[in-house]
Amino acid sequence: MGDQRHELPPLFVERLNEIVAPEQRGPVVSSFGVERPAAFRINPLRGNAGAALDELKQVGLTPEPVGWCEHAYTVPREQREALTHASAVGDGRVYVQGLSSLLAALALRPRAGERVLDLAAAPGGKTLHMAALMNNEGRIAAVESARPRYYKLKANVEAACATCVDCYCADGRYVGRKQREAFDAVLVDAPCSGEARFGPREPGAWRYWSEKKIKRNASMQKALLRSAIDATRVGGRIVYATCTLGPEENEGVIDHTLRRVGESVAVEPIELPIDNVQPGLSGWRGKAYDALVAHTRRVLPDGRMTAFYLAKLVKRASTS
Ligand code: SAM
């Protein structure tokens, strides 16, 4: 496990020291130097999951099941290259997806027959996970605003035979106005600073990172979350997720939203099947957050998982 302390942007390390409790700082900073196992999910919508797994074994891979997520496996990091080139990945029977990102669909729990909205969907890992959890029954509207990424999403959905998914190239900020209270469940896997990706595998990941960019992301995230709430039926649920650590893009977005929508929305505690989790921060740089923000969850990065943030909201009353 290499220590990336001196290679991470100094301002980022300073911020980590404010975000992470003293006893967790060392392991968290060191985790940015770790090459993790590669994780993937077998796509049950493309038929025999056992056959796809056997095919991976035949090309020399040694998959280990992820106990807490059906159809998910890891292989040692040295096998990442072979995994990504396997024909089962190329043709949609297997989807390479980090362990943390599996938690978003598990937290939302989409059920067969539901109307689901994925407001920031490309390239589609979580859309496809939700389609699998729904057994392709119901409808998922998968929205992506960047055209090239929308085409990638569409190709992945087609390859996976996720027939319950309709893809739209649109700005998610305006979906809530047009599709008021139309969905049972909404995922906002928000565009973010991606701090979880900082590390040796993506040396350029922080080239455009700055506190100014963090603020700009936060305003997009607030607009997307508000749109998601408007698009959710009363009684429906919303999961907000990011792969970044800055409180402005996580707890700050939830706190802001609670202040805007008041009791129309409640924050639910999330039960996660892993140990490397802590409650949302109670405040940041002198500002105390709404007490409900403590129900949100931070996944702490370690040797297997990258950092992740999750909040689950339930719509109690109409926001119109
Ligand atoms: N959920 C995806 C997955 O699991 O594969 C990853 C989503 S990524 C974190 C965020 C996505 O949101 C990017 O593809 C980005 O282009 C898209 N995006 C950014 N702004 C958006 C907007 N206003 N409306 C819809 N999508 C947006």
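By convention here, the first residue in the shown sequence is residue 1. In each ligand, atom 1 is the first atom listed, and ligand 1 is the first ligand listed.
- Within the 4.5 Å cutoff, the side chain of Gln221 has heavy atoms near those of the Tyr240 side chain.
- Ala104 does not count as a contact of ligand 1, since none of its heavy atoms falls under 4.0 Å from the ligand.
- Of the listed residues (Arg15, Lys215, His256), just one forms a side chain to side chain donor-acceptor pair (under 3.5 Å) with Glu248, and that residue is Arg15.
- Close approach of ligand 1 to Pro123 is summarised as follows: ligand atoms under 4.0 Å from at least one heavy atom of the residue are 5 (O).
- Contacts of Lys126 with ligand 1, taken as heavy-atom pairs under 4.0 Å, involve both backbone and side chain.
- Nearest non-hydrogen protein atom to atom 12 (O) of ligand 1 is Ala120 CB, 3.3 Å.
- Looking at Met220 against ligand 1, only its side chain comes within 4.0 Å, counting heavy atoms.
- Atoms CG and CG, from Leu310 and Leu106 in turn, are 9.5 Å apart once rounded to the nearest 0.5 Å.
- Interface of Gly124 with ligand 1, defined as ligand atoms under 4.0 Å from a residue heavy atom, comprises 3 (C), 5 (O).
- The pair Asp290-Arg259 does not count as a salt bridge, with every side-chain nitrogen at least 4.0 angstrom from each carboxylate oxygen.
- The shortest N or O to N or O distance between Leu224 and ligand 1 is not under 3.5 Å.
- Given atom 19 (C) of ligand 1, the protein heavy atom at minimum distance is Pro191 CG, 3.4 Å.
- The closest approach between a heavy atom of Ala170 and any atom of ligand 1 is below 4.0 Å.
- Those atoms of ligand 1 with a heavy atom of Ala121 less than 4.0 angstrom away are 1 (N), 2 (C), 3 (C), 5 (O).
- In this structure, the protein non-hydrogen atom closest to atom 21 (C) of ligand 1 is Ser145 OG, 3.1 Å.
- Contact annotation: for Leu119 versus ligand 1, heavy atoms closer than 4.0 Å belong to the backbone alone.
- Taking atom 15 (C) of ligand 1 as the reference point, the nearest protein heavy-atom neighbour is Glu144 OE2, 3.4 Å.
- At a threshold of 4.5 Å between non-hydrogen side-chain atoms, the residues Phe12 and Glu195 count as touching.
- We find the CD1-CG distance between Ile238 and Leu225 to be 7.0 Å, quoted to the nearest 0.5 Å.
- Polar contact check, Gly172 against ligand 1: a nitrogen or oxygen pair lies under 3.5 Å apart.
- Ion pairing between a basic and an acidic side chain is recognised when a charged N comes within 4.0 Å of a carboxylate O; Arg304 and Asp302 show no such pairing.
- Contacts with ligand 1 closer than 4.0 Å are made by no heavy atom of Ser101, backbone or side chain.
- Using a cut-off of 4.0 Å between Lys/Arg side-chain N and Asp/Glu carboxylate O, Arg285 and Glu18 are scored as salt-bridged.
- A salt bridge links Glu55 with Arg93: the closest approach of a Lys/Arg side-chain nitrogen to an acidic carboxylate oxygen falls below 4.0 angstrom.
- In terms of polar-atom proximity, defined here as any N/O pair under 3.5 Å, Asp189 does make such a contact with ligand 1.
- Under 4.0 Å is where a charged nitrogen must lie from a carboxylate oxygen, and between Lys315 and Glu181 at least one such pair does.
- The protein heavy atom nearest to atom 3 (C) of ligand 1 is Gly125 N, 3.6 Å.
- Remark: among candidates His129, Arg149, Gln221, the nearest residue to atom 14 (O) of ligand 1 is Arg149, based on non-hydrogen atoms.
- At a heavy-atom cutoff of 4.0 Å, ligand 1 is contacted by the backbone of Ala190 but not by its side chain.
- Within the model, atoms CG of Asn17 and CZ of Arg25 stand 5.0 Å from one another, a figure rounded to the nearest 0.5 Å.
- Ion pair Glu251/Arg298 flagged as a salt bridge, since at least one NZ, NE, NH1 or NH2 atom sits closer than 4.0 Å to an Asp/Glu carboxylate oxygen.
- Annotation: atom 23 (N) of ligand 1 to nearest protein heavy atom, Asp171 OD1, 2.8 Å.
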